[in-house]
Amino acid sequence: MEEIISFTNEIKNEITENISLDEEMKRSLLAAFIRVNGTIKFKNKNEFLILRTENAKVAKFIYSLVKELYDDVMVSFSFRKTMKFYKATEYLVNIINGGTTIFSSLDINLLESKVSQDLINKEDKVRGFLMGLFLACGSCNSPKTSNYHLEFYVNDEALAKNILKIISKLKYAQFDFKVIQRRNNFVIYLKKSDQISSFLALLDASSCCIKFEDVRVSRDYSNVNNRLIICDQYNYKKSIDKAKVQIEQINLIDKHLGIENITNEKVRLLCKLRLKDKEASYADLATMMSQELNSIVSKSNIGHLFRKIESMSKLYEKLERN
């Protein structure tokens with residue numbers, strides 16, 4: 001569990017260090033974060049917009065973003081300990097008497113699932129929105145696990161489906177995100193490792209993307225190499241087993257007829273070569289026969305000759321049974 005959270009936080013930390021965001025991307029990022037993580041509370045006739053996260057860098061980043069975009073809004077920063085499945089620190093960005101201003105400016109409503117087109121009508125705005133979404137509710141398994149998985153979780157099915165539509169707006173890359181319900185939440189998830197890597201690049205988490213790719217490629221290479229070794233071992237065992245059967249057939253022919261009395265020159269030579277080299281492959285036998293006969297003999301020729309040997313041995317098997 002620690003490893004998964006660690007890699008997720010690495011991604012989030014890298015997003016918060018991005019200095020290339022223009023104002024439009026920042027607005028889309030903040031809108032996505034507020035829509036998923038924002039709650040409104042009223043106390044003593046004051047309106048509080050509270051934004052929560054368990055990542056300190058994300059909290060500081062959102063706090064700075066609110067201060068930068070809305071310098072006339074009162075905003076404070078706090079934290080508290082929580083007791084969930086594990087001990088955690090929850091960081092709070094508290095916006096006092098400024099929620100209405102921000103909602104109006106960003107055209108967002110916590111009770112509606114639709115997303116304003118003004119936030120996603122450009123490719124960069126979509127990227128900014130997805131960055132904010134990942135900071136708010138995203139996670140990604142460590143590449144060291146074999147179960148590749150990147151996801152967002154929201155509590156609104158309509159919002160989840162709208163997020164899928166937003167992702168589909170991307171022109172330079174296609175992602176096969178799907179939605180499932182998990183308890184009271186709806187999860188938008190991606191499992192294809194190459195697409196996860198591309199999505200991390202989309203979020204400008206280039207260092208995490210490189211780390212993910214390094215581990216993924218290394219594992220895929222190891223898996224392919226292991227499969228090749230297993231295949232080689234299986235094919236070798238299969239060849240040895242087949243050679244044992246062929247030797248038994250040749251010995252039976254030799255017992256009843258004698259190898260030297262086989263009239264077909266190629267069959268006679270192949271019998272001798274098989275007895276001489278019990279582990280030779282069809283390719284090896286084809287090479288040896290080609291040298292002996294001074295003419296080209298292919299692997300398919302070898303297979304055909306062994307079928308003749310098999311037919312001959314079956315005749316002598318019948319004789320022995322009778």
Side-chain angles (χ1 to χ4, degrees), residues 11-12 14-41 47-53 58-75 93-138 150-175 177 179 186 188 190 198-205:
I11 298 168
K12 291 184 178 182
E14 189 171 0
I15 292 173
T16 64
E17 294 165 2
N18 194 318
I19 60 174
S20 63
L21 300 176
D22 59 27
E23 185 170 334
E24 288 185 333
M25 291 182 72
K26 290 176 181 177
R27 284 169 49 82
S28 294
L29 186 156
L30 184 60
F33 191 91
I34 292 174
R35 176 58 188 84
V36 175
N37 269 6
T39 56
I40 294 179
K41 287 190 176 182
E47 176 188 278
F48 292 81
L49 171 60
I50 302 173
L51 308 177
R52 295 179 171 84
T53 178
V58 171
K60 292 176 182 177
F61 176 73
I62 295 298
Y63 174 88
S64 299
L65 207 55
V66 173
K67 293 284 288 183
E68 178 186 343
L69 297 176
Y70 305 97
D71 55 5
D72 58 338
V73 168
M74 291 180 62
V75 57
V93 178
N94 308 294
I95 300 168
I96 307 166
N97 290 329
T100 302
T101 300
I102 293 174
F103 288 146
S104 175
S105 169
L106 299 179
D107 195 13
I108 54 176
N109 188 327
L110 298 184
L111 301 178
E112 293 183 357
S113 60
K114 69 177 183 179
V115 178
S116 172
Q117 286 299 309
D118 186 52
L119 297 170
I120 53 173
N121 58 8
K122 294 181 182 178
E123 189 92 352
D124 280 347
K125 288 184 180 181
V126 173
R127 289 178 55 238
F129 187 90
L130 294 175
M131 287 178 189
L133 193 67
F134 192 89
L135 293 178
C137 62
L150 183 146
E151 69 180 30
F152 305 99
Y153 59 92
V154 296
N155 58 11
D156 182 345
E157 182 178 13
L159 177 60
K161 290 180 178 178
N162 281 335
I163 289 170
L164 282 183
K165 292 179 181 178
I166 291 170
I167 294 172
S168 70
K169 287 178 174 289
L170 295 165
K171 296 178 181 178
Y172 85 95
Q174 296 295 315
F175 300 101
F177 276 93
V179 176
F186 293 88
I188 307 123
L190 182 64
S198 297
F199 198 80
L200 294 180
L202 175 79
L203 299 179
D204 278 349

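For this chain, numbers begin at 1 and follow the sequence in order.
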**Report entry** salt bridge (charged side-chain N to carboxylate O under 4.0 Å, His left out) contacts in which one or both residues fall within residues 150-163, not counting sequence neighbours
**Finding:** Arg35-Asp156, Glu151-Arg182, Glu157-Lys161
Query raised in the report: Is the backbone N or O of Glu24 less than 3.5 Å from a side-chain atom of Lys125, with the two atoms forming a donor-acceptor pair by type?
Result: no
Requested in this report: List the atom of Ser198, the atom of Phe175, and the distance in Å for their closest heavy-atom pair.
Outcome: CB-CE2, 3.8 Å
Query raised in the report: Hey, what do you get for CG (Asn18) to CD1 (Ile15), rounding to the nearest 0.5 Å?
Result: 8.5 Å
Requested in this report: Please name the pair of heavy atoms, one in Gly132 and one in Ala32, separated by the smallest distance, quoted to 0.1 Å.
Outcome: C-CB, 3.9 Å
Report task. Flag the pair Leu65 / Phe33 as yes when at least one side-chain heavy-atom distance between them is below 4.5 Å, and no otherwise. Result -> no
Query raised in the report: What residues form a salt bridge (charged side-chain N to carboxylate O under 4.0 Å, His left out) with Arg127, not counting sequence neighbours?
Result: Asp124, Asp204
Query raised in the report: So Leu170 and Leu130, side chain to side chain contact (heavy atoms under 4.5 Å, CB included) or not? Walk me through it.
Result: CA-CA 11 Å; Leu170 295 165; Leu130 294 175; 4.0 Å; yes
Query raised in the report: Do Leu135 and Thr53 touch side chain to side chain, with heavy atoms closer than 4.5 Å?
Result: no
Query raised in the report: With sequence neighbours excluded, what pairs up with Asn94 under the side chain to side chain donor-acceptor pair (under 3.5 Å) test?
Result: Ser76, Ser78
**Report entry** Where at least one partner belongs to residues 59-68, residue pairs that pass side chain to side chain donor-acceptor pair (under 3.5 Å), sequence neighbours excluded
**Finding:** Lys26-Glu68
Query raised in the report: Tell me, which pairs form a salt bridge (charged side-chain N to carboxylate O under 4.0 Å, His left out) where one or both residues lie in residues 97-109, sequence neighbours left out?
Result: none
Report task. Using atom types as modelled and distance alone, determine if a side-chain donor or acceptor of Asn37 lies under 3.5 Å from a backbone N or O of Leu51. Result -> no
Query raised in the report: From Cys137 SG over to Ile188 CD1, what is the distance, rounded to the nearest 0.5 angstrom?
Result: 6.5 Å
Requested in this report: Give a yes or no on whether the backbone of Lys165 and the side-chain of Ser168 come within a donor-acceptor separation of less than 3.5 Å.
Outcome: yes
Query - Heavy-atom side-chain contact between Asn109 and Lys114 under 4.5 Å - result: no
Report task. Taking the side chain as every heavy atom from C-beta outward, state whether Leu150 and Leu200 have any atom pair closer than 4.5 Å. Result -> yes
Report summary line: In short, Leu110 meets Ile34 closest at the heavy-atom pair CD2-O, 3.5 Å
Report task. Look up atom OG in Ser116 and atom CD1 in Ile108, then write down how far apart they are to the nearest 0.5 Å. Result -> 9.5 Å
Query raised in the report: Rounded to the nearest 0.5 Å, how far does CG of Asp118 lie from OG of Ser105?
Result: 9.0 Å
**Report entry** Distance flag, aromatic centroids of Phe134 and Phe199, threshold under 6.0 Å
**Finding:** no
Query raised in the report: Ile62 versus Leu29: any side-chain heavy-atom pair under 4.5 Å?
Result: yes
Query raised in the report: Would you say Arg52 and Thr39 make side-chain contact, with heavy atoms under 4.5 Å?
Result: yes
Requested in this report: Can you measure from CD1 (Ile167) to CG (Leu133) and round to the nearest 0.5 angstrom?
Outcome: 7.5 Å
Query raised in the report: Is there a side-chain contact between Leu203 and Met131 (heavy atoms, below 4.5 Å)?
Result: yes
Report summary line: Of all heavy-atom pairs linking Ala136 and Val36, the shortest is CB-CB, 4.0 Å
**Report entry** Phe103 and Ile40, any side-chain heavy atoms less than 4.5 Å apart
**Finding:** yes
Query raised in the report: Would you say the side-chain atoms of Tyr70 and Thr101 include a donor-acceptor pair closer than 3.5 Å?
Result: no
**Report entry** Nearest atoms (heavy-atom pairs only) where Ala160 meets Val154
**Finding:** CB-CG2, 3.8 Å
Report summary line: By salt bridge (charged side-chain N to carboxylate O under 4.0 Å, His left out), Glu123 pairs with (sequence neighbours left out) none
